[in-house]
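Just so you know, ligand 1 is whichever comes first in the structure, and atom 1 is the first atom listed for that ligand. Numbers here are sequence positions counted from 1.
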Amino acid sequence: MDRIRIVGGNELNGRIPISGAKNAALPLMIASLLTDDTLTLENVPHLADVEQLIRILGNHGVDYSVNGRRERQSEGYSRTIHFTARHIVDTTAPYELVSKMRASFWVIGPLLARMGVARVSLPGGCAIGTRPVDLFIDGLQALSAEIDIDSGYVVAKAPKGGLVGNRYVFPKVSVGATHVLLMAASLARGETVLVNAAREPEVVNLADCLNAMGAKISGAGTSTITIEGVDALSGARHAVIPDRIETGTYAMAVAMTGGDVILENARPDLLQNALRVLEQTGAEIIPVNSGIRVRRNGAGISPVDVSTEPFPGFPTDLQAQFMGLMTMANGRSTITETIFENRFMHVQELARLGARITLSGQTAHVEGVPVLKGAPVMATDLRASVSLVIAGLAAEGETTVSRVYHLDRGFERLEEKLSGCGATIERISG
Ligand code: UD1
C-alpha cells in the first residue's frame, strides 16, 4: 500500500490549481441517469471516487467518454466527460458497488423517477458515524413512492403514472437527501416544495445543471426549494464548481506553515465562514482575479473556537484540517462537531505528532504547542487523512502517512500540488 512521506518545516510559496469539487461532480454524474440524452460535465476531477461512480453508473447502462475517448486521461487534471444513459439496463445498485461509496446510494432518486423502480443497497462510505438513510426514505415516500427494506436493499416503487409532487419538510439538513429529492421531483407530476433543504453550493450546482437539462427549479441556495415537475429532461453541458474543501485545506496548510500561495480558480463565496475563521487565526485572505491569495508571514497562529454547521457555517469537511492548524496555535481552542458523531479519529494520530487534544463528547479542546514532531501516522478517513498531511508539513522532521487510498478518494494530485509550492512530500509505492 502506498504511503506519503513528508519532511516538514518548509513554507509554502507559489500557486496551487484548485480542482473541480468531488462533492459537486458526484451528484451531477448521477443526474445523467435522468435523461436518454448526453450530459457533458466540465471540470470533473480525476479521483478514485469519480472512477468508482463511473463503474457504478456503467452498471446501470451509462456510457461515458472522456474528451471524446472512452478511456481515462491519465495525464490530465480535471476533465470534460460525456455521460449518456440512452437505456437503463439495470435498476439495481448492488451491495458490492454501493458499499464502497455512500454517495452511490443517490442513484435511487433518478432511477425511481425515470424507471418507476429502484433497488439500491444500503450504503457504506466513510466511517464517520452511523449515517442513516431515513430522510431519503421519508422524502421519497412524500413523493408517493412505496418503499420496502428487503435483505439489505431499499426497494422503491413509484405509483402508476410516476412520482407525485408534494411539500416535504426535512427534519434535519441533509446534503445527499436534498440532491436526491431535487432529482426525483424534477420528473414528478406537479409541484414539490422542499423546506429546510441544504443550502450547500453543491446543491446549487446540481439545480443549475438540472435547469439546463430542462427542469424547473427555483430557490436552490436558500432553505426552501420549489420544483415544478416536467415530463422529460434533455442533455446539457455544465461545469463542476471549484472544490471549496480542497481550497480550505490548502489555505489552512499555508496558515500553518507560513508562506504565500495563490489558490487558482478558488471562489471566496463558496467558503464564507471558513475564510473569516482563517483570518481570525492571523492568515491574510485576499480575493484576486485568478482565485484566492493566502498569506501568513511571521505572525503566530491565534486560537479560534469553531463549531461545524451546515452551509454557510463552518464545514464539517474542514474540521480535521482546522484542528491540525489549531494544534500549533498560541493558546487554547475548542472545536465542536455537530454534523457527524464520530468524526474525531484524527485526534489520536495528531497526538502522535505531539498535539495536545482532549475530547469531551462532541467537543475537542486543543492546547496549542510551539512545535510538532514528525512520526508515522495512519489515515482513517478522507478529510482526517489530509489533516495529518497538513500537520506533517508544519512538523519538524519526517512524517509518513499510511493508508493513503483515503486521500486518493478526494484530493487530486496532492503531492504534486504541494511540492510545487516548496513542500518536501513524495509518494512511496508498495
Ligand atoms: C455530504 C458530503 C460530505 C459532507 C456532508 C455534510 C458528499 C459526497 N458528501 O455527505 O462530504 O461531510 O455532506 O456536509 O457530498 N442524516 C440522517 N439521515 C439521512 C441522511 C443524513 O440522519 O437519511 C444525517 C447524517 O448522519 C449526518 C447529517 O444528516 O449526521 C448530515 O448528513 P448529509 O448532509 O446527508 O451528508 P452526506 O450527504 O452523506
- [ ] Using a strict cut-off of 4.0 Å, indicate which atoms of ligand 1 neighbour a heavy atom of R343.
- [x] 12 (O)
- [ ] Verify the ring-centre separation between Y95 and Y153: is it less than 6.0 angstrom?
- [x] no
Open item on the list: Within the 3.5 Å criterion, strictly below it, is a donor on S290 or E264 matched to an acceptor on the partner's side chain?
Closed with: no
Which donor-acceptor pairs under 3.5 Å do the side chains of residues 169-183 make with protein atoms, sequence neighbours left out?
residue : atom : partner : partner atom : Å
S174    : OG   : A177    : N            : 3.0
T178    : OG1  : S174    : O            : 2.6
T178    : OG1  : A198    : N            : 3.1

Task: For W106, the ligand 1 atoms whose distance to one of its heavy atoms is below 4.0 Å - done: 7 (C), 8 (C), 15 (O), 38 (O)
TODO: Mark the output for D49 as yes if a heavy-atom distance to ligand 1 is under 4.0 Å, and as no if none is.
DONE: no
Task: Donor on one side chain, acceptor on other, T281 and S302, under 3.5 Å - done: no
TODO: Give the numbers and elements of all ligand 1 atoms closer than 4.0 Å to a heavy atom of F136.
DONE: 20 (C), 23 (O)
Task: Non-hydrogen side-chain atoms of V133 and R102 separated by less than 4.5 Å - done: yes
Open item on the list: Between E191 and R167 (salt bridge meaning N to carboxylate O under 4.0 Å), is one present in this structure?
Closed with: no
TODO: Kindly state each residue pair satisfying salt bridge (charged side-chain N to carboxylate O under 4.0 Å, His left out) with at least one member in residues 135-157, sequence neighbours excluded.
DONE: none
TODO: Give a yes or no on this: more than 12 heavy atoms of other residues, nucleotides or ligands lie within 6.0 Å of atom CD of Q348.
DONE: no
Task: Side chain, backbone, both or neither: the part of V173 lying under 4.0 Å from ligand 1 by heavy atom - done: backbone
Task: Close approach of E202 to ligand 1, heavy atoms, under 4.0 angstrom - done: no
TODO: Would you check the N or O atoms of L26, main chain and side chain alike, for any that come under 3.5 Å of an N or O of ligand 1?
DONE: no
TODO: Kindly identify the option in G313, G176, A177 whose heavy atom sits closest to atom 38 (O) of ligand 1.
DONE: G176
TODO: Report yes if R383 has an N/O atom closer than 3.5 Å to an N/O atom of ligand 1; otherwise report no.
DONE: no
Open item on the list: With a cutoff of 4.0 Å, is M101 in contact with ligand 1, counting heavy atoms of the residue only?
Closed with: no
Open item on the list: Closer than 4.0 angstrom, basic N to acidic O: yes or no for D408 and R427?
Closed with: yes
Task: Geometric N/O contact D134 with ligand 1, under 3.5 angstrom - done: yes
Open item on the list: If we set the cut-off at 4.0 Å for heavy atoms, which region of K172 has an atom near ligand 1: side chain, backbone, both, or neither?
Closed with: side chain
Open item on the list: Need the ligand 1 atom indices (1-based, order shown) with element for anything under 4.0 Å from a heavy-atom of T316.
Closed with: 6 (C), 12 (O), 14 (O)
TODO: Output yes when the distance from some N or O of ligand 1 to some N or O of L135 is under 3.5 Å, and no in every other case.
DONE: yes
Task: side chain to side chain donor-acceptor pair (under 3.5 Å) partner of D317, chosen from R244, K22, R343 - done: R343
Task: Per-atom contacts of ligand 1 with D317, taking only distances under 4.0 Å to non-hydrogen atoms - done: 3 (C), 4 (C), 11 (O), 12 (O)
Open item on the list: To the nearest 0.5 Å, what is the distance between CD on E341 and CD1 on I339?
Closed with: 11.5 Å
Task: Option with minimal heavy-atom separation from atom 21 (C) of ligand 1, where the choices are S174, P27, A25 - done: S174
- [ ] Output the list of atoms in ligand 1 that are nearer than 4.0 Å to some heavy atom of R102, sorted by atom number.
- [x] 20 (C), 39 (O)
